[in-house]
Amino acid sequence: MEITRLSPDDEAGVAAASALETAAAKVDCPDLVMSTPKGLANALRYGWDLNPGKKYLARDADGTLVGTVGLHFPKYENTDQVWFDVWVHPDHRDGTVFAELVAFAEQEARDAGRTMMGLNAFDTEHDIAQATEQGYVQKAVEVNRKQDIAGLDWELVQNLYDGAVAKSTEYELLRLKGALPDDMVEEMIAVTESINDAPTDDLEIEDDVYSVERMRAYEEAQAKCEMTTYRLVARQKETGALAGHTVIAVERERPEMGWQHDTAVSRDHRGHRLGALLKAGMLLWLREEEPQLTRVDTWNAESNNHMIGINEQLNYTIVSRFLDYQKKL
């Protein structure tokens, strides 16, 4: 099997990789929203925050594309780790391609001086068996949920918002589209780091580390990936302290599709229903700004009961469960 790195400028290769991964996903999770070729190319150029991963194509002796492997090398924390995903064409699922791509990923990690592997896989008997066979241990469960915007009960949303407003009268909401104002970036770092309070189950990982550089890198990457970011921030009226935020990015290639990027409330501002205020307030804002939006996808640890409870009130339903595995090299 020949394994070669995919360049974002290789239009044919990117299209082939996108088609293979979409075909593989349809077997395990038909409702999973996959990247378009353009979206995949942008991800390879810019990543989430200008730290793009690498993707490799695997071809058999006849030159047929049989699988892909994507590798991400954390830059700001967990610099001993490599996280990766493997996609195998449905016609080549005897385990051979998967095993070779895992071995390739592990060697890439060793060559980079990394010692811990993280693997994301579907919660299926097939994926569980393959991951276990390669020595990977399940450490966490993530759930992908979708929000049916078109089917939302807007009266329910308004009632949730009004109820949260009544419990958070000392706070106000700021609507920010695109990059943060310069005078807010430093304080937003602490708010963003509140995401570290979300459960990580048994994963051996460090807390996320944020800085002005990283915040700006995220904004630049999202803009270059043709995403419009909407950030709703809760601010304490009396002190001006930033208390929480929620962020949704809307695709410009597929403007009916949105992605929940973050929702976090600072520890010392909890107990005022700010999570519900932010989530419901964001929906009301998006109804004004992006009326064509029909779906928003989010990811949560299965054990994050508080956030899941809010999401379920807002018409989120499960798309699929994913398992996070780790292996020490």
Side-chain angles (χ1 to χ4, degrees), residues 1-8 10-37 39-41 43-44 52-73 80-142 144 203-204 319-329:
M1 191 166 68
E2 181 185 26
I3 301 176
T4 57
R5 185 171 177 183
L6 176 61
S7 165
D10 177 1
E11 292 187 14
V14 169
S18 177
L20 181 145
E21 293 177 1
T22 299
K26 288 204 175 294
V27 172
D28 297 306
C29 183
D31 200 26
L32 184 67
V33 177
M34 300 296 292
S35 295
T36 65
L40 176 57
L44 291 173
K54 303 176 181 178
K55 189 170 286 289
Y56 294 84
L57 307 181
R59 300 183 184 276
D60 65 13
D62 296 327
T64 301
L65 184 65
V66 294
T68 69
V69 57
L71 289 80
H72 176 66
F73 296 76
D80 62 326
Q81 302 190 17
V82 173
W83 280 85
F84 72 108
D85 54 80
V86 175
W87 298 89
V88 179
H89 193 278
D91 295 339
H92 298 271
R93 289 192 163 187
D94 62 357
T96 303
V97 175
F98 181 86
E100 288 198 42
L101 289 175
V102 169
F104 174 83
E106 290 178 358
Q107 189 56 53
E108 288 291 300
R110 290 189 184 95
D111 292 344
R114 307 267 172 142
T115 58
M116 176 71 83
M117 302 298 295
L119 170 64
N120 304 116
F122 286 106
D123 181 16
T124 63
E125 290 185 11
H126 177 266
D127 278 15
I128 292 170
Q130 290 195 131
T132 302
E133 185 177 335
Q134 297 302 317
Y136 284 79
V137 178
Q138 182 189 326
K139 296 296 187 75
V141 180
E142 293 184 75
N144 173 207
L203 286 170
E204 297 180 46
V319 175
S320 186
R321 296 171 81 248
F322 289 82
L323 306 181
D324 294 332
Y325 294 85
Q326 286 185 306
K327 176 182 176 180
K328 188 80 170 177
L329 295 180

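We're numbering straight along the sequence, starting at 1.
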Rounded distance [0.5 Å steps], CE in Met34 versus OG1 in Thr36: 11.0 Å

Going by heavy atoms in the side chains, are Asp127 and Phe98 under 4.5 Å from each other? no

Check: Leu119 and Phe84 side chains under 4.5 Å, non-hydrogen atoms: yes

Correct closest heavy-atom pair for Met117 and Ala109 would be SD-CB, 3.3 Å

Between Lys328 and Thr115, is any pair of side-chain heavy atoms under 4.5 Å apart? yes

Check whether any side-chain heavy atom of Arg59 sits under 4.5 Å from a side-chain heavy atom of Leu65, and report yes or no. yes

Using a 3.5 Å distance criterion without hydrogens, assess whether the side chain of Asp94 forms a donor-acceptor pair with backbone atoms of Thr96. yes

If you count heavy atoms of other groups shown closer than 6.0 angstrom to CD of Gln107, is the number above 12? yes

Taking the side chain from Thr64 and the backbone from Asp60, do they hold a donor-acceptor pair closer than 3.5 Å? no

Euclidean distance, Thr68 OG1 relative to Asp85 CG, rounded to 0.5 Å: 6.5 Å

Kindly assign one of parallel, tilted or perpendicular to the pair Trp87 and Phe122, based on the angle between their ring planes and the thresholds 30° and 60°. perpendicular

Would Met1 and Val97 count as a side-chain contact (heavy atoms from CB on, under 4.5 Å) here? Give the steps. CA-CA 8 Å; Met1 191 166 68; Val97 175; 4.1 Å; yes

In terms of heavy-atom contacts, Lys139 and Glu204 come closest through NZ-OE2, 2.9 Å

Closest non-hydrogen contact found for Val27 with Pro90 is CG2-CG, 3.6 Å

Charged N to carboxylate O under 4.0 angstrom, Glu108 versus Arg5? no

Side-chain heavy atoms of Leu323 within contact of Val141, under 4.5 Å: yes

Over all atoms of both residues, closest heavy-atom pair of Asn120 and Glu142: ND2-OE2, 4.1 Å

Report the distance from atom CD of Glu106 to atom CG of Asp111, rounding to the nearest 0.5 Å. 12.0 Å

So which heavy atom on Gln130 is nearest to which on Gly95, and how close? OE1-CA, 3.2 Å

What is the distance from atom CZ of Phe322 to atom OG1 of Thr124, rounded to the nearest 0.5 Å? 10.0 Å

pair Gln81-Gln326: side-chain heavy atoms closer than 4.5 Å: yes

Can you name the closest pair of heavy atoms from Leu101 and Ala58 and give their distance? CD2-CB, 3.8 Å

Is there a side-chain contact between Lys54 and Tyr56 in this structure, where contact means two heavy atoms from C-beta onward sitting under 4.5 Å apart? yes

What's the spacing between Leu6 CG and Lys55 NZ if we round to 0.5 Å? 8.0 Å

Check for a donor-acceptor pair, side chain of Ser35 on one end and backbone N or O of Ser18 on the other, with a separation under 3.5 Å. no

Does a side-chain heavy-atom distance below 4.5 Å link Val319 with Cys29? yes

